[in-house]
Amino acid sequence: MKKNKAILKHCPNFYKIINFEFSEDDSITLKLIEVYKNYIFNIDINNEEEVKSVEKFDFVVNKYIEDYFFRKDMQSRLLNIRIKKSANNILQKLVESIIDAFDSYETGYTRNIYFARWI
């Protein structure tokens, strides 16, 4: 029980993420939230790299929930993620791929300037 509380200290967006309401046909969001819950509760709280990874993943999934444009872009990126079955920790590789997709999105997004059209 103490481990879970310690993990939740590093995931300030946990309750917002797990309580996010999405449409029934949105299987990608459902799977992403499942991956989120599985990943954060299966880390070693004493491993600093894993804690940093959880903090970053919490940030990425929160951005997914809050930003409509990021969500649409990320859904297409998530469909293209490929992980070899021979990987040691498939869940870890999946989370790393999602974080890499976020970093790629941020790099591309900062290069694009969006103008709102006022009607």
Side-chain angles (χ1 to χ4, degrees):
M1 188 67 161
K2 289 183 180 183
K3 177 187 172 191
N4 291 349
K5 287 184 180 182
I7 289 172
L8 291 179
K9 286 182 183 178
H10 297 284
C11 300
N13 303 306
F14 176 77
Y15 292 106
K16 183 174 19 172
I17 291 168
I18 64 166
N19 293 325
F20 179 64
E21 294 183 19
F22 51 91
S23 65
E24 291 180 14
D25 60 337
D26 187 2
S27 62
I28 296 173
T29 302
L30 174 66
K31 293 292 184 185
L32 182 63
I33 292 173
E34 287 176 7
V35 167
Y36 173 79
K37 286 191 276 189
N38 289 335
Y39 181 68
I40 66 169
F41 291 119
N42 287 322
I43 67 157
D44 178 14
I45 195 69
N46 298 320
N47 186 337
E48 190 172 326
E49 286 182 26
E50 290 183 8
V51 170
K52 286 182 182 180
S53 177
V54 162
E55 291 172 351
K56 178 78 173 190
F57 192 51
D58 181 69
F59 177 79
V60 170
V61 176
N62 183 54
K63 174 89 171 164
Y64 177 89
I65 287 172
E66 290 184 342
D67 188 348
Y68 175 78
F69 294 113
F70 175 65
R71 185 178 323 129
K72 290 300 173 191
D73 184 73
M74 193 63 161
Q75 286 177 346
S76 64
R77 290 175 190 254
L78 289 174
L79 292 174
N80 295 323
I81 291 177
R82 302 287 182 247
I83 298 173
K84 295 181 181 179
K85 290 182 181 180
S86 62
N88 291 341
N89 189 346
I90 294 175
L91 186 60
Q92 177 71 31
K93 294 292 183 189
L94 178 62
V95 169
E96 289 173 4
S97 298
I98 292 170
I99 292 172
D100 290 342
F102 169 74
D103 292 338
S104 175
Y105 171 82
E106 284 290 307
T107 302
Y109 184 75
T110 56
R111 291 183 182 168
N112 298 332
I113 299 173
Y114 294 98
F115 294 102
R117 183 174 176 191
W118 293 89
I119 298 175

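- Atoms CG and CD, from Asn13 and Glu55 in turn, are 11.0 Å apart once rounded to the nearest 0.5 Å.
- Taking the side chain as every heavy atom from C-beta outward, Asp103 and Lys56 approach each other to under 4.5 Å.
- Within 6.0 Å of atom CZ in Phe59, 12 or fewer heavy atoms from other residues, nucleotides or ligands are found, so the atom counts as exposed in its surroundings.
- Checking side-chain atoms of Asp67 against main-chain N and O of Lys63 turns up no donor-acceptor pair under 3.5 Å.
- The distance from atom OH of Tyr39 to atom CG of Asp58, rounded to the nearest 0.5 Å, is 11.5 Å.
- Residues Lys16 and Glu66 form a side-chain contact, since some pair of their non-hydrogen atoms from C-beta on lies under 4.5 Å apart.
- Residues meeting the salt bridge (charged side-chain N to carboxylate O under 4.0 Å, His left out) test with Lys9, sequence neighbours left out: none.
- Below 30°, between 30° and 60°, or above 60°: for Phe41 and Phe14 the angle between ring planes is above 60°, a perpendicular geometry.
- Arg71 pairs by the side chain to side chain donor-acceptor pair (under 3.5 Å) definition with nothing, not counting sequence neighbours.
- Between Ile65 and Phe22 there is no side-chain heavy-atom pair separated by less than 4.5 Å.
- In plain terms, the two heavy atoms of Ile40 and Ile7 that are nearest each other are O-CD1, 3.2 Å.
- Side-chain atoms of Ile98 and Leu32, non-hydrogen and from C-beta on, do get closer than 4.5 Å to each other.
- Shown here for Cys11 and Val54, the closest heavy-atom pair between the two residues is SG-CG1, 3.2 Å.
- Going from atom CD of Glu49 over to atom CD1 of Ile43 covers 12.0 Å, rounded to the nearest 0.5 Å.
- Counting only distance, with no hydrogens or angles, the side chain of Ser104 and the backbone of Asp100 share no donor-acceptor pair below 3.5 Å.
- In terms of heavy atoms, Ile18 sits closest to Ile33 at CA-CG2, 4.3 Å.
- Side-chain contact between Asn88 and Lys93 is absent, with no heavy atoms from C-beta onward closer than 4.5 Å.
- Here the side chains of Ser53 and Val95 are in contact, with some heavy-atom distance below 4.5 Å.
- Between the CZ atom in Phe102 and the OG1 atom in Thr107 there is a gap of 9.5 Å [rounded to 0.5 Å].
- Side-chain contact between Tyr64 and Ile28 is present, with at least one heavy-atom pair separated by less than 4.5 Å.
- With rounding to the nearest 0.5 Å, the separation of CD1 in Ile17 from NZ in Lys37 is 11.0 Å.
- Rounding to the nearest 0.5 Å gives a distance of 11.5 Å between NZ of Lys31 and CG of Leu94.
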